[in-house]
Undergrad: 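Have a look at this one before I ask anything.
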Amino acid sequence: MDVAEPRPAFAGGALAAGERWELYKLFGEPVRLRIMALLAEEELTVGELAELLGESQSTISRQIKMLRQRSLVQVRKQGVRVFARFAQEMERDPVVADALTAGTHLCRQERVFARAAEVVRRRDAAARAFFSHEPQAAVEAFSVPDEFAVYLTALSALLPRRALAVDIGTGAGPLLELLSPVYLRVLAVDRSEARLALARRRVRERNLENVEFICADIEDDDTIRSIEPIEADSVFASRVLHHAPRPAQAIRSYARLVAAGGSLVVFDYALHEDEAFRDAHADLWMGFAEDELIGFAEQAGLSSPRVYRVPAAFCGQGVDGHLDWQVLVAEKSGDLYK
């Protein structure tokens with residue numbers, strides 16, 4: 001699918017008068033109304049749209065191209081995949097808003113939204129399978145000098161809030177060795193029992209007595225409601241966001257665990273083009289742009305989001321050491337999730 005920039009037809013969400021007749025013509029095709037309504041709810045690939053609407057991918061690509069020419073849809077590439085989303089600022093135009101309402105009605109009549117939710121859930125099926133077994137080798141092996149905990153304990157005195165830290169997607173637990181000496185209590189969360197077994201073994205071997213474990217999918221709202229209320233001083237998500245079917249929703253879920261005045265820290269990859277790495281590790285996303293991460297944090301109601309690039313020398317010699325890493329940091333200024 002061609003992802004070149006479309007010619008601008010609108011400015012600041014307002015429809016140019018000379019283009020209005022073309023817009024009425026554009027909205028005369030019901031499949032385009034359905035596409036707009038779906039993309040207003042969820043960022044989807046051409047293949048996912050084709051599955052949901054029972055059309056060929058070539059047909060969907062042509063329809064999206066027409067919508068892009070009127071600046072109604074935006075696209076971005078993730079390797080060979082192309083994701084499309086509705087340009088929300090266009091909803092301010094009354095003609096566009098009416099077309100979106102009509103498309104939404106059609107999708108509800110045909111129960112397309114419910115099927116769309118299932119399509120998105122299936123995105124991470126490969127990732128769930130990948131993490132459901134204990135790795136043959138210690139792919140997440142992590143070691144630090146024996147005296148490292150002493151230095152961290154000393155540094156912890158500089159933190160004003162260190163009662164509770166949450167490690168989301170703890171995996172084999174490498175981050176626990178750094179968090180345990182700093183925080184009074186650490187909660188390790190992962191949806192894979194196999195990976196938690198590795199983390200528990202690590203904790204036993206290192207005598208980390210202040211670490212607790214929860215096996216849960218923290219991105220699921222029902223799961224969050226089912227566990228005891230968590231108000232963490234710091235929530236860490238290290239290299240898990242690129243496995244999330246809905247990254248923006250994932251950040252909102254992480255933010256719900258942060259106490260007012262606490263911080264969310266997300267480590268992940270910058271945008272990259274290593275599709276072989278993506279396929280080998282069942283990644284859904286090939287990294288994120290800085291403005292994407294900041295946008296996710298702002299949508300979650302977090303304040304002062306900023307992104308820092310990690311120097312290559314700090315990224316180690318692991319399987320992802322060749323990728324550029326970055327860190328999103330944001331604060332929760334109020335109790336927005338109760």
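Given the structure is predicted, the values throughout are model-derived calculations rather than measurements.
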Undergrad: Ion pair present between E42 and R246, side-chain N to carboxylate O less than 4.0 angstrom?
TA: yes

Undergrad: Identify whether L271 and V266 are in the same connected component of the hydrophobic contact network (ILVMFWY, side-chain heavy atoms under 4.5 Å).
TA: no

Undergrad: For a 4.5 angstrom cut-off between non-hydrogen side-chain atoms, does V329 reach V307?
TA: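 Contact flag for V329/V307 side chains = no.
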
Undergrad: Determine, using the 4.5 Å side-chain heavy-atom cutoff (strictly less than), whether L323 and M286 are members of one ILVMFWY cluster.
TA: no

Undergrad: Identify which one of V166, I168, L179 satisfies the side chain to side chain contact (heavy atoms under 4.5 Å, CB included) criterion when paired with F236.
TA: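 Among the candidates, only L179 passes.
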
Undergrad: Is it the case that over 12 heavy atoms from other parts of the model lie below 6.0 angstrom from the CD atom of E118?
TA: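 Yes.
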
Undergrad: For E193, is there an ion pair with R200 - N to carboxylate O distance below 4.0 angstrom?
TA: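 Yes.
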
Undergrad: With distance as the sole criterion, is a donor-acceptor pair present between the side chains of Q78 and R81 under 3.5 Å?
TA: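 Judged by distance alone, the side chains do not pair up.
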
Undergrad: Between A163 and Y183, which heavy-atom pair has the shortest distance, and what is it?
TA: N-CD2, 4.5 Å

Undergrad: Could you check whether any side-chain heavy atom of L293 comes within less than 4.5 Å of a side-chain heavy atom of Q326, counting everything from C-beta outward?
TA: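 The answer is yes, as the side chains (C-beta and beyond) meet within the 4.5 Å cut-off.
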
Undergrad: With a 4.0 Å cut-off on N to O distance, would you call E29 and R32 a salt bridge?
TA: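 Salt bridge: no.
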
Undergrad: Flag the pair L184 / L164 as yes when at least one side-chain heavy-atom distance between them is below 4.5 Å, and no otherwise.
TA: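 The answer is no, as the side chains (C-beta and beyond) never meet within the 4.5 Å cut-off.
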
Undergrad: How many angstroms lie between atom CG of L302 and atom CD1 of I251, to the nearest 0.5 angstrom?
TA: 8.0 Å

Undergrad: Mind listing the closest non-hydrogen atom pair of A297 and P305 along with its distance?
TA: CB-CB, 3.7 Å

Undergrad: Is the count of non-hydrogen atoms from other residues, nucleotides or ligands lying under 6.0 Å from H322 atom NE2 greater than 12?
TA: yes

Undergrad: Testing the basics here: between D190 and R195, what is the closest heavy-atom pair and its distance to 0.1 Å?
TA: OD1-CB, 4.2 Å

Undergrad: Does the side chain to side chain contact (heavy atoms under 4.5 Å, CB included) test come out yes or no for L159 and V182, once each step is laid out?
TA: CA-CA 9 Å; L159 295 179; V182 174; 3.3 Å; yes

Undergrad: Does either side chain, that of S253 or that of R256, offer a donor lying less than 3.5 Å from an acceptor on the other one?
TA: no

Undergrad: Taking all heavy atoms of S263 and all of V258, pick out the closest pair and write down the distance.
TA: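 Closest pair (atom of S263, atom of V258, distance): N-CG1, 3.5 Å.
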
Undergrad: Looking only at non-hydrogen atoms, find the nearest pair between L175 and S238 and report the distance.
TA: CD2-CB, 4.3 Å

Undergrad: Taking 4.0 angstrom as the limit, do R115 and E110 come out as a salt bridge?
TA: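 Judged by the 4.0 Å cut-off on N to carboxylate O distance, R115 and E110 do not form a salt bridge.
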
Undergrad: Tell me which pairs pass salt bridge (Lys or Arg N to Asp or Glu O under 4.0 Å) where either residue lies in residues 280-297, with sequence neighbours left out.
TA: R76-E292, E290-R309

Undergrad: Apply side chain to side chain contact (heavy atoms under 4.5 Å, CB included) to the pair V189 and D167, showing each step before the final yes or no.
TA: CA-CA 6 Å; V189 183; D167 179 16; over 6 Å; no

Undergrad: Apply side chain to side chain contact (heavy atoms under 4.5 Å, CB included) to the pair M36 and L67, showing each step before the final yes or no.
TA: CA-CA 8 Å; M36 280 179 38; L67 293 169; 3.9 Å; yes

Undergrad: Using the rule given for side chain to side chain contact (heavy atoms under 4.5 Å, CB included), can you reason through V120 versus L44, listing the C-alpha separation, both sets of side-chain angles and the distance that settles it, and then say yes or no?
TA: CA-CA 8 Å; V120 172; L44 297 166; 4.1 Å; yes

Undergrad: Determine whether F267 and V240 make a side-chain contact, defined as any pair of heavy atoms from C-beta on separated by less than 4.5 Å.
TA: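 Heavy-atom side-chain distance check fails, nothing below 4.5 Å.
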
Undergrad: Between the side chains of T59 and S56, does any donor sit under 3.5 Å from an acceptor?
TA: yes

Undergrad: Could you give the distance from CD (E43) to CZ (F86), rounded to the nearest 0.5 Å?
TA: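 Answer for the CD-CZ pair, E43 versus F86, is 14.0 Å.
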
Undergrad: When you check the side-chain N and O atoms of N210 and S180, is any donor under 3.5 Å from an acceptor?
TA: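 Judged by distance alone, the side chains do pair up.
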
Undergrad: Would you compute the distance between atom OG1 of T45 and atom CD of E51 and round it to the nearest 0.5 angstrom?
TA: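 Spacing of OG1 (T45) from CD (E51) equals 8.5 Å.
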
Undergrad: I'd like to check L328 versus V265 (side-chain heavy atoms, cut-off strictly below 4.5 Å). Are they in contact?
TA: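 No, side chains not in contact.
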
Undergrad: Under 3.5 Å, is there a donor-acceptor pair linking the side chains of Y269 and D320?
TA: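 Looking only at side-chain atoms, D320 and Y269 do form a donor-acceptor pair, the distance falling under 3.5 Å.
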
Undergrad: Using a strict threshold of under 4.0 Å (side-chain N to carboxylate O), is an ion pair present between K77 and E273?
TA: no

Undergrad: Is the ring centre of W285 less than 6.0 Å from the ring centre of F83?
TA: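 They qualify: ring centres under 6.0 Å apart.
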
Undergrad: Compare every heavy atom of A84 with every heavy atom of L39, then report the nearest pair and how far apart it is.
TA: CD2-O, 3.3 Å

Undergrad: With a 4.5 Å limit on heavy-atom distance, are the side chains of V112 and L106 in contact?
TA: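 With C-beta onward as the side chain, the pair stays apart.
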
Undergrad: Does a side-chain heavy-atom distance below 4.5 Å link C215 with R191?
TA: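 C215 vs R191: side chains apart.
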
Undergrad: Could you state the interatomic distance from OG (S71) to CG (D93), rounded to the nearest 0.5 Å?
TA: 12.0 Å

Undergrad: Does R306, at its CZ atom, have more than 12 non-hydrogen atoms belonging to other residues, nucleotides or ligands within less than 6.0 Å?
TA: yes

Undergrad: Between E205 and R202, is there a side-chain N and carboxylate O pair less than 4.0 Å apart?
TA: no

Undergrad: Is any side-chain heavy atom of L72 less than 4.5 Å from a side-chain heavy atom of L26?
TA: yes

Undergrad: Could you give the distance from CZ (F314) to CH2 (W325), rounded to the nearest 0.5 Å?
TA: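 If I round to the nearest 0.5 Å, the distance is 12.0 Å.
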
Undergrad: So how far is it from L100 CG to Q88 CD, rounded to the nearest 0.5 Å?
TA: 8.0 Å

